[in-house]
Every structure is written in C-alpha cells, then in structure tokens.
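First up is the structure itself, then whatever we jot down about it.
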Amino acid sequence: MSNRDDERPDENPASTKSLHDDDRDPLGLSPQVPSDIPRGLDRRKFIMRSAVISAAAVMTGCTRSETERTAPPPTAESPQTVATSGTGAGPVVPLSPDLDVVKKEKGPVLTTVDEFYKVGPGPSSSHTIGPMRITYDFYQRATKLPADKLAKATALRVNLFGSLSATGKGHGTERASLAGLVGKEPATVDPKFLDSLRDKPDQTFQVKLGNKSIDVSLKDVIYDATKGDFKHPNTMTVKLLGGDEVLLEQEYYSVGGGFIEWKGYTPPKKNPPKYPFKTMKELRTYADDNKTTIAKIMLANEMSITGRSEQEVNAFIDKIINAMVATVKSGLSMSEDDVLPGPIKLHSKAATVYKRAMDDKYEAERGIGALSAFALAASEENGRGHLVITAPTGGSAGVMPSLVYGLLEVRKVDRQKIRDGMLAAAAVGYLCKHHATLSAAEGGCQAEIGVASAMAAALVATAYDAPSLVVENAAESALEHHLGMTCDPVAGYVQVPCIERCAFGAVKAWTAFAIASNEIASRHRVNFDETVVALAQTAKDMNSKYKETSEAGLAQSVTLC
Ligand code: SF4
C-alpha cells in the first residue's frame with residue numbers, strides 16, 4: 001500500500017497536526033492512550049504498553065475496557081492482575097546458595113526415577129504438584145506435634161510468594177495447596193476433588209490433627225508478595241496457628257519438576273551409585289568402556305542407589321509408561337467441543353488434529369500430525385488439571401508421552417526398548433536438573449519444554465538402538481534448539497503457548513533424532529554438557545519478566561475477549 005497520500009502536505013494548515021497529536025491512525029493501530037497514567041508507571045512505558053495492547057486489540061478484533069487499559073502494574077495486593085496487565089520486571093530472585101538444587105551441582109547425580117517421574121494433577125509441577133506435596137508434608141508434620149500443642153490449634157495458613165503468587169491463580173496453586181492440607185497426595189488425588197474446589201470455592205473442610213478438628217478453606221491460602229528477598233522464586237510458608245500464636249511454621253520451596261525443599265533441608269541419605277557421574281561425558285564413557293548402553297548404566301545406578309531389583313525398577317517404569325499412554329488416550333477421547341478451564345476459553349483440538357492428520361495424503365505429514373496430536377492430547381489433559389506425569393514438568397507433560405505413545409502403540413516398538421529409553425531420558429533430565437534447572441521460574445520454557453524435548457530425543461534414539469554418542473547428540477540437538485525460550489503463559493494458565501509448545505517439543509525431538517542418527521556422529525560439533533552450561537547461563541541471564549511471571553511476551557500481547 002502506498003503511503004504517498006499521507007506524505008502530501010496538508011492543504012489546510014489550520015488543521016495541521018502531527019501523527020502523535022492525532023488519535024486517528026490510517027492503519028487503525030495507533031494506541032489509544034488514556035489521559036490518566038497510573039501511578040508508578042512512567043509515561044513512555046505506559047504508552048508502549050498501550051500501543052501493544054491496542055495493536056493486539058485491532059488485530060484480534062477484541063478491545064480492552066478503559067479499566068483494563070489503565071490498570072496499574074501488579075502489586076502484592078493484586079496478584080490476580082499479574083498475568084494480563086503486568087509491566088514490571090517480575091520477581092528478581094537470585095537462588096540461595098544453600099538450596100540443595102544449587103549445592104548438588106558439585107556431587108555426582110543421585111536422582112532416581114521414582115523421584116523424577118511423578119504422577120500428579122496438572123497443570124504445573126512447580127505450581128500445582130510441588131505446593132500440594134508441600135502442604136501434605138506440613139500436614140504430616142503437624143499430626144506429629146504433641147497433644148498439648150495441638151489442643152491450642154485454631155487455624156492453618158498458607159502464604160504464596162514470588163512466582164507462586166504471580167501466576168498461581170492460573171495454575172490452581174491455591175486449590176492444590178488446600179488439597180495437600182486436607183491430606184490428599186498428588187499421585188492419588190481424584191482430579192474431580194480439585195475441580196470441585198474450582199466450581200465451589202466456598203467449601204470448608206475439617207482437618208483432623210490429634211483430637212482437634214480445624215476448619216480450612218481456600219481463604220486460608222493467601223496470594224502474598226510477588227517480589228521480595230526469597231531463597232527461591234517459588235517460595236511458600238505454611239503455619240499452624242493457635243490464635244495469634246504460631247505453633248508450627250515451615251518455609252518451603254517448590255524447586256521445579258515437583259521437587260520440594262524447605263528451610264534447613266538436607267537431602268535423604270542414599271547409597272552410592274555404581275557408576276558415579278556428573279556429566280554426560282562421564283556417563284557415556286562408562287557405557288562405551290563397558291560395551292553397553294547409557295540405559296544399562298542408569299539401571300545399574302538405579303539399583304545401587306535405591307537397593308531395588310531390576311524387576312522393581314522395571315515395574316515402576318512400566319507404571320509411568322502406562323500412565324503416559326493413558327494420558328494420551330484420555331486426551332484424544334475428548335470432544336472437539338470441550339473447552340479447557342480458565343479465561344482463555346481454549347477449545348480442545350487433539351482429536352481434530354489427529355483425525356485430519358490421518359487423512360493427509362503423505363505419510364510424513366501423517367506422522368508429524370499424529371505426533372503433534374498425541375502431544376496436544378496429553379498437554380490438554382494437563383490444562384484440564386487431570387493426572388499427568390512430570391517428564392520433567394507439568395507444562396511439558398505432552399512431550400514424552402507423545403513419543404512413548406507413538407513408539408509403543410503405533411510403531412509397536414518392544415516395551416523393553418521403551419523402558420531403556422525412559423532411563424536414558426531420565427539421565428538427560430537429571431543432568432539438566434543437576435547443572436541448570438527444570439523450573440520455568442528460574443530459567444523460562446527452555447528448562448521445561450527444552451529439557452522434555454531433549455529427553456524425548458534420547459528416548460527415541462535409545463529405543464532404536466542408537467549408539468551412546470547418537471543418543472547424546474540427539475539430546476544435545478533438541479536442547480540446543482530450545483535455548484532462550486521464554487515462559488509467558490497467557491493469563492497465567494498453562495495452555496497458551498504451552499499446549500502447542502509440547503507438540504513442537506515432540507516434533508523437534510524427532511527431528512533431533514533424525515539428524516543425529518543420519519549425520520556422522522563423531523562430527524557433531526557441540527556436546528550435551530556444553531549445551532547444559534548454556535542452558536544454565538541463559539537461565540541466569542534471562543530477563544526475569546520471561547520466567548513464569550506472565551508479565552511479558554504473549555501474556556501481554558494476547559487480548560482475551
Ligand atoms: S510457557 Fe513453557 S515453561 Fe511456561 S508454563 Fe508454559 S510450558 Fe511451562
């Protein structure tokens with residue numbers, strides 16, 4: 001389109017106005033800047049924000065009310081506004097060096113599959129499963145208090161800080177926290193219980209502590225300060241109160257992937273691994289020197305650390321594989337008219353994508369479409385708050401199940417090969433946790449979908465009997481091409497971009513395997529350990545707005561009608 005008309009001198013000098021003075025914009029994109037600039041915002045930032053919002057509104061046909069457009073930046077008092085109206089820099093929380101997730105950088109990897117692959121309700125391992133495990137832990141501690149102390153108890157109180165406060169509403173953090181307080185565990189909770197808390201938020205429950213029964217409700221879970229001097233971005237406190245007296249208090253941290261710590265935490269004592277390793281290079285060297293696979297080294301470590309037999313380890317892995325298959329099946333069975341919970345009103349699309357992909361003329365397109373649909377299915381289950389598996393997190397819960405389902409149910413790959421793949425994938429996840437992070441609040445989406453994709457690439461390569469170097473290269477490649485990916489869930493809900501992002505993570509995992517298994521492996525230029533260093537460094541350097549605060553990116557540009 002020509003701009004020449006706009007360049008023509010105004011024939012009526014009396015009406016001359018610069019574009020900046022005029023509310024009208026030939027493209028209809030000029031920001032409608034309200035006259036009142038909210039306190040705490042400088043004019044430039046405010047105009048920029050209004051410009052983004054107005055442009056999005058014009059493009060989507062949705063508009064924001066004057067109230068929404070002039071809303072002040074989020075504060076600790078109004079955490080629910082964070083997801084859609086934020087302009088601040090987000091919680092800048094340097095990790096405390098005494099956290100175990102930070103300290104463990106120095107020793108060998110001691111994580112085990114039952115700690116790593118966790119079944120629990122979606123949508124987030126750090127904001128749903130972690131808080132639920134935390135309040136359940138506190139509930140158990142409280143039951144062990146002396147009877148005279150419990151006799152004084154009158155209330156339980158949960159305070160959420162940092163990212164848990166900033167985006168907790170969209171993750172159902174308050175419902176998960178309450179569920180743990182009333183004695184429910186993530187792996188066995190009926191998701192309908194959590195749904196009922198959403199549908200009837202005024203319900204009161206009785207928590208039995210000794211001879212005392214204490215009433216608790218969602219009002220006892222408080223969205224507190226989003227910014228402050230916290231040991232971890234996902235910090236929360238739980239208290240048992242006797243009137244004004246604090247009878248028991250514990251500060252906790254949900255450190256990513258459903259893992260939790262607390263103030264004064266010391267990791268459980270474990271047996272030494274048979275093959276101690278801190279890097280992929282060391283792990284792969286054990287495999288190569290012993291003329292075996294990464295998976296077999298991991299199995300030997302698993303058995304030596306936990307004291308479990310091979311059958312017991314396999315039984316646990318089978319449980320996880322079956323849960324992954326179930327989550328894909330359940331997601332695919334949902335009606336195309338199903339709408340996910342929350343303000344986005346996102347329609348379920350896994351079944352549609354699958355059906356239409358099956359009609360594609362070309363096999364390759366059918367494959368990519370099907371893989372995407374499997375990932376969408378499991379990820380939509382996560383969005384519904386149904387049971388998912390942390391691999392490594394809830395937000396990324398569609399990636400690994402997509403590949404597991406595709407290999408086991410479609411390609412009919414032998415189950416033992418899938419078990420081996422799950423162990424190699426776990427090694428990839430452990431190393432990322434050990435040296436970088438699995439928490440979006442610490443490292444953005446590269447730490448979730450990026451790690452999941454790397455794990456899935458290792459799974460596929462292992463399932464197809466690739467040599468250990470190819471397994472490493474595939475994982476490296478998948479991780480490398482997620483570096484820098486930010487986390488900015490719209491309205492704080494793990495749906496946009498998360499659900500489609502799982503599909504991309506799955507397809508990228510296959511791409512990484514395709515490249516790694518077809519290139520000359522020894523010429524692969526970047527090794528996995530180098531990429532994990534880049535992941536950790538990028539996490540540190542990433543602007544905190546992009547670390548699960550919903551204060552930037554899509555969370556700001558997408559307008560909800
Ligand atoms: S954007 Fe990525 S990291 Fe953030 S919530 Fe979604 S899946 Fe998780």
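Note that ligands are numbered from 1 as they come in the structure, with each ligand's atoms numbered from 1 the same way. Count residues from 1 along the sequence.
Of all protein N, O or S atoms, those under 2.8 Å from atom 4 (Fe) of ligand 1 number 1.
For the 3.5 Å distance criterion, the side chains of Glu476 and Thr531 qualify, holding a donor opposite an acceptor.
Applying the side chain to side chain donor-acceptor pair (under 3.5 Å) test to Thr327 and every residue at least two apart in sequence or in another chain returns nothing.
Sorted by first then second residue, the salt bridge (charged side-chain N to carboxylate O under 4.0 Å, His left out) pairs that include residues 112-125, not counting sequence neighbours, are Asp114-Arg308, Glu115-Lys270.
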Which pairs of donor and acceptor atoms, one on a side chain in residues 344-352, lie under 3.5 Å apart (sequence neighbours left out)?
residue: Ser348; atom: OG; partner: Glu380; partner atom: OE1; Å: 2.9
residue: Ser348; atom: OG; partner: Arg384; partner atom: NH2; Å: 3.0
residue: Lys349; atom: NZ; partner: Glu500; partner atom: OE2; Å: 2.5

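Using a 30° and 60° split on the angle between ring planes, Trp262 and Tyr252 fall in the perpendicular class, above 60°.
The pair Lys192-Asp195 does not meet the salt-bridge criterion, since no charged nitrogen lies less than 4.0 angstrom from a carboxylate oxygen.
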